[in-house]
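These notes are about the structure you will find just below.
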Number of protein chains: 2
Amino acid sequence: MTTSPAVSVIVRPPAAGARGRADPCLTCEARPHSVCHAIDERSLERLASIAVVTHVAPGKTFIVEGDPAGEFCNITAGTARIYKLLADGRRQITGFAQRGDFLGLAVSSTYAFSAEAIDEVSLCRFSRRNLQALLADFPAMERCLLEVASNELVAAQDQMLLLGRKTARERLASFLVAQLQRVEAGGQSGDRILLVMTRTDIADYLGVTIETVSRTFTRLKADRIIALPDIRTVVIADRARLNEAAEAS
Amino acid sequence: MTTSPAVSVIVRPPAAGARGRADPCLTCEARPHSVCHAIDERSLERLASIAVVTHVAPGKTFIVEGDPAGEFCNITAGTARIYKLLADGRRQITGFAQRGDFLGLAVSSTYAFSAEAIDEVSLCRFSRRNLQALLADFPAMERCLLEVASNELVAAQDQMLLLGRKTARERLASFLVAQLQRVEAGGQSGDRILLVMTRTDIADYLGVTIETVSRTFTRLKADRIIALPDIRTVVIADRARLNEAAEAS
DNA sequence: CGTTATCTTGACGTACATCAAATGTCGTGG
DNA sequence: CCACGACATTTGATGTACGTCAAGATAACG
């Protein structure tokens with residue numbers, strides 16, 4: 001339950017950055033993974049002109065729930081925890097945002113969640129006004145956003161099933177399966193996961209306590225389903241039984 | 001955990017229905033509440049030509065998780081439970097769809113959830129092909145769908161917080177507050193809620209058992225926060241304390 | 001290498017689940 | 001109108017998975 005002090009970001013001025021050298025959007029590594037790929041290469045300059053590149057240090061909060069939602073942002077590197085808090089400090093992490101993920105879609109005038117950098121995070125900010133103008137000119141991007149939102153909705157329903165009905169063991173197994181799929185979707189297959197988030201993050205994502213996460217890890221290890229060479233890496237020793245344990249429906 | 005036998009719907013042929021009398025979309029009571037309002041009145045005929053009006057009897061399942069997702073649908077009357085099942089029958093209701101709600105947005109080729117009529121449900125079906133063509137011609141409708149999806153995403157995050165971190169009492173109070181807001185959004189204010197869903201539905205929506213729902217209702221009643229004149233109506237006796245109990249963050 | 005944060009493990013408590021039975025509700029037909 | 005059955009809901013007794021509290025073990029870091 002880390003309470004970050006204040007937002008503290010390093011902003012590279014967009015105009016100066018975009019004008020001086022080759023279009024930054026053209027060479028952006030995150031573009032193929034994000035909604036920006038909906039814009040053709042010739043129009044990328046326009047995209048670059050409204051994007052503000054920002055870097056956030058680990059542990060820093062860059063979106064605060066309840067603040068006026070003036071900007072959207074697109075993660076280009078690193079991982080952020082997306083979460084909501086109750087008045088007494090209970091925290092629910094609703095997702096981990098990574099390269100290509102788009103934050104702040106909500107129509108409401110205030111953010112419905114907070115976002116905090118786990119490791120070093122890079123992102124592009126777009127003001128609501130600018131983005132809306134852009135969307136009007138590029139319907140393909142709007143369609144792409146709709147697809148992204150739809151997929152997130154499906155993921156959210158999966159997570160509701162997990163939080164409402166699965167046991168601690170099923171929750172952790174489901175989490176590991178999902179992490180593994182994310183690795184595989186990124187090209188490199190393999191049987192290992194590198195966890196950027198802490199046990200506390202995993203606990204707050206799965207709706208259990210840190211002790212339960214730890215004990216469940218230990219039990220999966222005892223059952224030879226996983227191995228934990230070090231704290232941050234999980235080796236999947238028996239994928240079939242992991243899927244079983246996840247109640248993959 | 002009602003397992004409905006099979007889909008059984010009454011379909012009114014669209015062409016015949018649409019041609020014979022005034023454009024059904026023009027007089028549709030659900031239009032102002034749904035994405036259909038994004039289409040101007042002169043173009044409604046086109047909308048009507050691709051919509052298939054369907055009626056579903058109480059208890060009948062009209063969308064089955066895992067089935068090929070050939071159609072979208074728009075609820076025009078009644079209430080449906082949207083849910084996911086685990087292999088052993090555990091159920092999580094992810095939402096209650098009502099007039100104006102749009103189902104089946106997901107990009108995937110199969111439905112990610114099941115939908116079952118609670119009371120008599122009326123809906124419009126659109127084939128994926130037809131709707132995509134329509135969206136291409138009416139970007140306003142696409143924008144509207146994006147807004148709807150964004151709002152649902154916010155609601156989903158709220159529900160994750162509820163399922164992951166709230167106590168049974170907080171869950172039920174939150175549910176009642178949300179139901180009350182839905183009534184108020186529909187124009188008529190008031191201090192009473194008419195529940196179309198059963199206690200089992202509420203339990204599966206809140207991630208607890210039916211016994212816990214019942215006991216929690218009894219306790220809220222004992223605390224003079226609500227009254228239950230009959231099983232399906234909840235009278236809010238003390239709104240302030242209900243909000244408190246919901247941990248409205 | 002101390003210092004501090006993170007993680008694991010153990011002992012114990014509790015909110016909610018499970019099992020079981022009583023009570024209430026509603027439709028149906030005599 | 002009332003009796004009956006089927007089902008939904010409430011209530012009670014008891015069990016348990018997970019939470020809480022507390023102490024070590026490990027890893028991270030200046």
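In what follows, chains are A, B, ... by sequence order, proteins preceding strands, each numbered from 1.
- Residue-level contact check: Thr198(B) touches the backbone only, with heavy atoms under 4.0 Å from sugar-phosphate atoms and none from bases.
- Out of dG19(D), dT9(C), dT9(D), the shortest distance to the side chain of Ile231(B) is found at dT9(D).
- Salt-bridge check for Asp204(A) with Arg199(A): failed, with every basic side-chain N at 4.0 Å or more from each acidic carboxylate O.
- Residue contacts for Val213(A): at a heavy-atom cut-off of 4.0 Å it reaches no nucleic acid atom on any strand shown.
- Nearest nucleotide to the Ser214(B) side chain, out of dT10(D), dA17(C), dT9(D): dT10(D).
- One finds a salt bridge joining Arg239(B) and Glu184(B) here, because a Lys/Arg side-chain nitrogen approaches an Asp/Glu carboxylate oxygen to under 4.0 Å.
- Distance from the side chain of Thr200(B) is smallest for dT9(D) among the nucleotides dG19(D), dT9(D), dC16(C).
- Within a 6.0 Å radius of CZ in Arg192(B), other residues, nucleotides and ligands contribute 12 heavy atoms or fewer.
- The side chain of Thr212(A) contributes an N or O atom lying less than 4.0 Å from OP1 or OP2 of dG19(D).
- Comparing dG12(D), dT10(D), dC16(C) by their closest approach to the side chain of Arg215(B) singles out dG12(D).
- An OP1 or OP2 oxygen of dT11(D) is reached within less than 4.0 angstrom by a side-chain nitrogen or oxygen of Thr218(B).
- The side chain of Ile210(B) lies closest to dT10(D) when the candidates are dA22(D), dT10(D), dC7(C).
- Across dG12(D), dT9(C), dG19(D), the shortest atom-to-atom separation from the side chain of Glu211(A) is found for dT9(C).
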